[in-house]
Each structure stands twice: as structure tokens, then as C-alpha cells.
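We use all heavy atoms of the structure for the numbers below, so side chains are in, but hydrogens, waters and symmetry mates are not. Residue numbers start from 1 in every chain, and the chains themselves are labelled A, B, ... in the order their sequence lines are given, proteins ahead of strands.
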Amino acid sequence: MRENSDRKTLVILTGPTAVGKTETSISIARQLGAEIISADARQFYRELTIGTAAPTPEELNLVKHHLVGHLSIHDYYNASHFEQQAIEIADRLWKKSDYVVVTGGSGLYIDALCFGIDPMPDVPGQIRAEVKILYQLKGLEGLRDELKNCDPGYFAIVDQSNPNRMMRGIEMFRATGKPFSMWRSNSTTERPFNIKTIVLNRPRAELALRIGQRTSAMVQQGLIEEALAYYPHRHLNALNTVGFKELFDWLANRYDLATALEKIATNTRRYAKRQITWFKKYEDAKWFLPAETNQILQFIRS
RNA sequence: GGUACCAUAGCUCAGUAGGUAGAGCAACGGACUGAAAAUCCGUGUGUCCCUGGUUCGAUUCCGGGUGGUACCA
């Protein structure tokens, strides 16, 4: 990544769930005189606060946050929308400060912001629904058949066990008449700003402990009531989320409450693991413990 | 205290007619350009409780010990 001291800096503070990103990012942002843009694909939804461990009103008061609770669970949103919004906000904030802090654990969204995501039209909901029905009716085999036919290039590289990936290819072809593989440039967008990427992490056992504690804390704060309130909307993508889906299964009598809470902790641990796997590919990133704020600031200013 | 049963992976357990062992879950590793807290792929990590004995060879059979469970006192 080319450095240029005249340019503004985007500070990415990421890391696995429950590592302590919120607290550290507030501390760092205050010391930099910066505001925070969230890159958390579930904290976008204003209806969800407890189950997504969104920053509290007190925390939101300490530093101005952007893209927290800016969507409804009924809204459609994606990484490209995020890229555009986040860049627009950052450009505005850089008029007041040299730094903008981005905090969150959604790797795809961070990638979109740092490296760009190829511009493509949104696929109409109708087409998305039709492709989903194709999968429900004909399974993976049905998806493979159609994708092989409409986009052999993508079919050759796609994970043919992953319905989401194949549905995406089919959707794009049906929506645009042009193969998904033609829309993908596989190139990185040069950004006119510096990017400092910080991954916060802890020893795995410690992270697991914090996840267990946070799960209990969420229940005390009213996680069950929150899940109950949105149970009628359980089919929405925004609610296909750890902490909600397990409680929905409990409410549907698939297992008891204790099992649901155990599954929440387990699935949160697994999510954290997937996040860590994602962040390992960030070659320019520096890894820190959340408490190492001085070292983090030093790295940002270096 | 007596009798019976049990002791194998982090957990629940299977198994080896004696040739050092395998399932589920957990865990670990990975992929991922518009659902991403989503979706998908891969990997057994083990003093087979301890200790004597029989045997070429014991996790497996026998004795003793320890721990657990149940029943009887």
C-alpha cells in the first residue's frame, strides 16, 4: 500500500466478535479526534440492539457513530451499498479530521471499503425469489445445471456445494443477461487515502470465555424479549443471525432454552473463528490485543 | 459395610472372538465480490483409569487397587 502523508487516513479496527472492538475503537477515535463508521452488518439494523451487541447510547454519546441503526430489518442492503455510503461519509469527515475510524467484524464489507467491489446492478427481489425456488425445487443439482449453462466460466471456479454462490451467479445472469463472471473484474480499486488496518485479537480460550459471558449478559439485558418481539419476522435475512435463530428454534419447540443458549455461545465461537480466518489474509494488517491502545496509536501515526 | 455394573478423544458413547481404536457433538484448519453474525469445504486431536499376571503380543482375558453409578444394608 503506497503511503502519502498528504492524504487522509482510514483506520480499520476489526477483529472477531466479542474481542472488545467497541471499547477500543471509542478510545482510539477519541484520541485521534475522529468519528466512527460501523462495518458491522448486523448493527446496521435499528431494531436489533441487544442481540447484535450494538454500542449503547452512552457509548454512542462518547464518539459520533455512523451506520449504526441506519437500516430497518425490512430493508435490502449489501456490501456495495455499504462501500458507497461509507466512502461518502468518510469524505465528509476528512474535512474535519485526518482520521476516520472504521470498526466492525464484517470482512466482506471491510473488503468492499478497502479494495472496492465491482459495480453491478442490484438484482430485483422477484428474480432472487425465483432462483431461491429453483434451489428449493431442484437442489444443488438444479443450480449446477443452470449455472453450467449460463455461465461456464463461473461454474468452473465456484464452490459447487455452496448454494448461495451458485444462486448469485444465476441471479446475475437472469437479471442482466450477462454472465456474473463478466461482471467480476478481480481487480482492486486504488483508494485516494491511506488505510491502516488493525486486527484486534485475544488468545482463543479467553475469547471463548468472553463469548460465554457476553451471551449471559445479553440474556440479562433482554435478549429473549428482543427475539420474541421479532419472531414474526424470523424469515428476514437480518434475523438469520446468531442469537436470534437459536431462540427462534427454541420458540418453535425444537429444543429447550438451555440448549438454545448453549448453541448461541457455540455458534458465536464458530463465527469468531471464521472472522479470524478472513482477517489472516490482510497482509498489511497489524494484530494487537484490545488493551494495547498506545501501540495501536503509534502504528496509526507511523 | 455388602453385591452388581461401569471406567476408551474435550463430552456422550461404540468397538477390538488378544495384533495399540471410531462415531456424533465440541474443537481445529480453510474458502468466500451484493443474504456475510450468511453460506460452504476439510481434519481424529487418545498413557483405551492404575497395577500385577497369563501371552510372542493385553485397551481387550484374570487378580488387586482407585474412582463412579445402582441396589441391599
Side-chain angles (χ1 to χ4, degrees), chain A residues 14-19 21 38-45 48 50-54 71 73-85 104-125 127-129 131-132 135 140 143 154 157-172 175-176 180-189 204-205 207-208 211-212 214-215 218 223 235-248 255 259 262-281:
Chain A
T14 190
T17 189
V19 78
K21 291 187 292 297
S38 168
D40 185 304
R42 287 296 180 267
Q43 292 178 8
F44 295 155
Y45 300 105
L48 313 180
I50 298 166
T52 56
L71 298 176
I73 54 174
H74 302 283
D75 293 334
Y76 173 71
Y77 198 69
N78 63 41
S80 180
H81 298 165
F82 172 78
E83 176 195 23
Q84 289 162 34
Q85 281 194 294
S106 300
L108 177 65
Y109 286 67
I110 290 169
D111 277 20
L113 178 54
C114 293
F115 313 121
I117 190 166
D118 292 321
M120 300 180 202
D122 283 351
V123 174
I127 291 180
R128 292 163 53 86
V131 174
K132 187 156 193 179
Y135 174 50
L140 282 174
L143 296 178
Y154 187 55
I157 58 163
V158 75
D159 176 357
Q160 291 173 21
S161 304
N162 192 324
N164 286 7
R165 295 279 129 69
M166 289 196 291
M167 284 194 283
R168 172 70 180 150
I170 293 168
E171 267 167 31
M172 279 305 287
T176 68
F180 181 48
S181 53
M182 306 289 270
W183 288 99
R184 286 159 44 108
S185 69
N186 262 322
S187 64
T188 299
T189 308
R204 196 66 71 86
L207 195 60
I211 286 169
R214 193 180 70 177
T215 303
M218 281 178 174
L223 178 63
H235 60 281
L236 294 174
N237 174 58
L239 289 159
N240 183 191
T241 296
V242 174
F244 292 95
K245 56 185 179 184
E246 297 84 357
L247 288 174
F248 293 156
Y255 38 67
T259 303
E262 256 169 60
K263 282 179 186 290
I264 290 173
T266 298
N267 289 334
T268 305
R269 268 182 258 130
R270 294 217 266 229
Y271 169 48
K273 196 160 108 57
R274 273 179 271 133
Q275 289 176 298
I276 291 167
T277 299
W278 186 289
F279 302 138
K280 281 178 186 166
K281 75 183 175 190

Counting any heavy atom closer than 4.0 Å, what does [X] reach on the DNA or RNA strands: base, sugar-phosphate only, or nothing?
X	result
A/Lys132	base
A/Asn267	nothing
A/Lys273	base
A/Phe244	nothing

- Are A/Lys280 and A/Trp278 in a cation-pi setup, meaning NZ or CZ lies under 6.0 angstrom from the ring centre and within 45 degrees of the ring axis?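 No, a cation-pi geometry is absent between A/Lys280 and A/Trp278.
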Does a distance-only test, which skips hydrogens and angles, find a donor-acceptor pair under 3.5 Å between the side chain of [X] and the base of [N]?
X	N	answer
A/Asn164	B/U39	no
A/Asp118	B/U33	yes
A/Arg269	B/A37	no

- Message: I'd like to check A/Leu140 versus A/Gln160 (side-chain heavy atoms, cut-off strictly below 4.5 Å). Are they in contact?
- Response: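 No, too far: nothing below the 4.5 Å cut-off.
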Give a yes/no answer on whether the side chain of [X] brings an N or O atom under 4.0 Å of OP1 or OP2 in [N].
X	N	value
A/Arg274	B/A38	yes
A/Arg165	B/C32	no
A/Tyr76	B/A35	yes
A/Lys245	B/U39	yes

- Are the aromatic rings of A/Phe44 and A/Tyr77 close, with centres under 6.0 Å apart?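 Ring centroids of A/Phe44 and A/Tyr77 are less than 6.0 Å from each other.
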